[in-house]
Amino acid sequence: MDRLATCGWNAPLGHIRITSDGHHVLSLTIFPSGEEVEDGPPPAVPLLVETVTQLRQWFAGERQQFDLPLRPSNTTRGQVLRDTIAAIPYGETASYGHLARLAGSGPRAIGQACRRNPLPIIIPCHRVIAAHGEIGHYSGGDGVATKAWLLNFEQIQQQRNMP
């Protein structure tokens with residue numbers, strides 16, 4: 001299958017739309033609260049079904065990482081930045097500067113990678129914060145409120161799973 005397929009899901013933080021080409025998850029969009037979104041019945045695309053399954057597990061606190069085929073970044077540098085963001089452990093945060101040093105890049109490049117991230121939650125750009133612990137920006141859902149929700153959610157799940 002090379003046609004695009006989408007499905008929508010009402011997640012605990014709001015409506016999410018997932019797009020796939022059947023081989024890769026291409027995007028995940030978190031809509032602002034209160035926005036009217038119409039998604040038809042979910043198509044019978046196994047990758048979309050698996051993506052929703054893994055998201056449900058994540059929101060249930062049963063999964064901390066995703067195992068989905070994602071479209072590779074357009075550039076080697078973009079892939080390095082994405083991999084650096086993806087490596088932030090669940091429930092933790094890292095600053096733009098720290099990630100830039102790890103990736104051999106600059107903080108602005110990390111910020112741009114976060115802003116352009118087509119796969120929020122799966123590539124956890126919500127875990128990237130400013131140097132002094134400030135939450136910074138977020139381009140999905142309700143912006144900073146969505147980012148704060150995601151960070152708080154992971155912190156609560158971490159505490160629940162502590163022995």
Side-chain angles (χ1 to χ4, degrees), residues 1-9 11 13-32 35 45-55 57-59 63-155 157-158:
M1 168 184 188
D2 289 311
R3 281 190 348 203
L4 296 183
T6 63
C7 75
W9 177 56
L13 65 74
H15 190 79
I16 291 176
R17 180 178 293 145
I18 306 151
T19 303
S20 169
D21 63 5
H23 305 288
H24 301 98
V25 180
L26 305 178
S27 67
L28 184 151
T29 304
I30 305 169
F31 287 87
E35 185 170 320
V45 176
L47 182 53
L48 288 174
V49 172
E50 180 59 24
T51 303
V52 170
T53 297
Q54 289 191 29
L55 283 166
Q57 292 168 342
W58 189 85
F59 280 106
R63 170 181 291 278
Q64 294 184 353
Q65 295 179 323
F66 294 90
D67 183 21
L68 298 164
L70 309 177
R71 177 194 287 174
S73 286
N74 293 333
T75 66
T76 302
R77 180 175 182 230
Q79 190 64 47
V80 167
L81 296 175
R82 184 165 89 175
D83 291 347
T84 302
I85 294 166
I88 304 169
Y90 182 91
E92 296 183 23
T93 59
S95 73
Y96 295 94
H98 174 75
L99 294 175
R101 286 187 294 280
L102 291 175
S105 189
R108 281 195 175 138
I110 295 292
Q112 289 174 350
C114 288
R115 188 183 49 165
R116 294 178 183 153
N117 178 13
L119 298 159
I121 301 174
I122 296 170
I123 302 296
C125 56
H126 62 276
R127 297 178 190 155
V128 182
I129 60 170
H132 301 292
E134 298 153 5
I135 198 166
H137 300 285
Y138 195 70
S139 54
D142 291 321
V144 173
T146 297
K147 184 173 185 172
W149 190 98
L150 290 165
L151 290 170
N152 186 53
F153 173 79
E154 287 187 356
Q155 296 282 323
Q157 294 305 316
Q158 283 288 102

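Source: prediction; values computed, not measured.
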Heavy atoms, side chains only, cut-off 4.5 Å: are [X] and [Y] in contact?
| X | Y | answer |
| --- | --- | --- |
| Q158 | Q64 | yes |
| W9 | H15 | no |
| C7 | V52 | yes |
| I129 | E134 | no |
| F59 | I121 | yes |

May I ask you to check whether over 12 heavy atoms, not counting those of [X], lie within 6.0 Å of atom [atom1]?
| X | atom1 | value |
| --- | --- | --- |
| N152 | CG | yes |
| H24 | NE2 | yes |
| R71 | CZ | no |

Given side-chain contact (heavy atoms from CB on, under 4.5 Å), test L99 with V128 step by step and report yes or no. CA-CA 8 Å; L99 294 175; V128 182; 3.5 Å; yes
Is there a donor-acceptor pair under 3.5 Å between the side chain of [X] and the backbone N or O of [Y]?
| X | Y | answer |
| --- | --- | --- |
| K147 | S139 | no |
| E50 | L68 | no |
| S105 | A109 | no |
| R127 | I88 | yes |
| D142 | A145 | no |
| Q79 | S73 | yes |

Minimal non-hydrogen separation, [X] against [Y], with atom names:
| X | Y | value |
| --- | --- | --- |
| Y96 | C114 | CE2-SG, 4.4 Å |
| G106 | A100 | C-CB, 3.3 Å |
| S20 | L48 | CB-CD2, 3.7 Å |
| S95 | H98 | OG-N, 3.0 Å |
| V144 | G136 | CG2-O, 3.3 Å |
| L81 | A103 | CD2-CB, 3.9 Å |

Nearest 0.5 Å please: distance from the [atom1] atom of [X] over to the [atom2] atom of [Y].
| X | Y | atom1 | atom2 | answer |
| --- | --- | --- | --- | --- |
| T6 | L28 | OG1 | CG | 12.0 Å |
| T51 | F66 | OG1 | CZ | 9.0 Å |
| I85 | C125 | CD1 | SG | 6.5 Å |
| Q54 | Q65 | CD | CD | 10.5 Å |
| I122 | S27 | CD1 | OG | 9.0 Å |
| R82 | I123 | CZ | CD1 | 5.0 Å |

Kindly assign one of parallel, tilted or perpendicular to the pair W58 and Y90, based on the angle between their ring planes and the thresholds 30° and 60°.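 Ring orientation, 0 to 90° scale: perpendicular.
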Worked check of side-chain contact (heavy atoms from CB on, under 4.5 Å) between E92 and E154: CA-CA 8 Å; E92 296 183 23; E154 287 187 356; over 6 Å; no
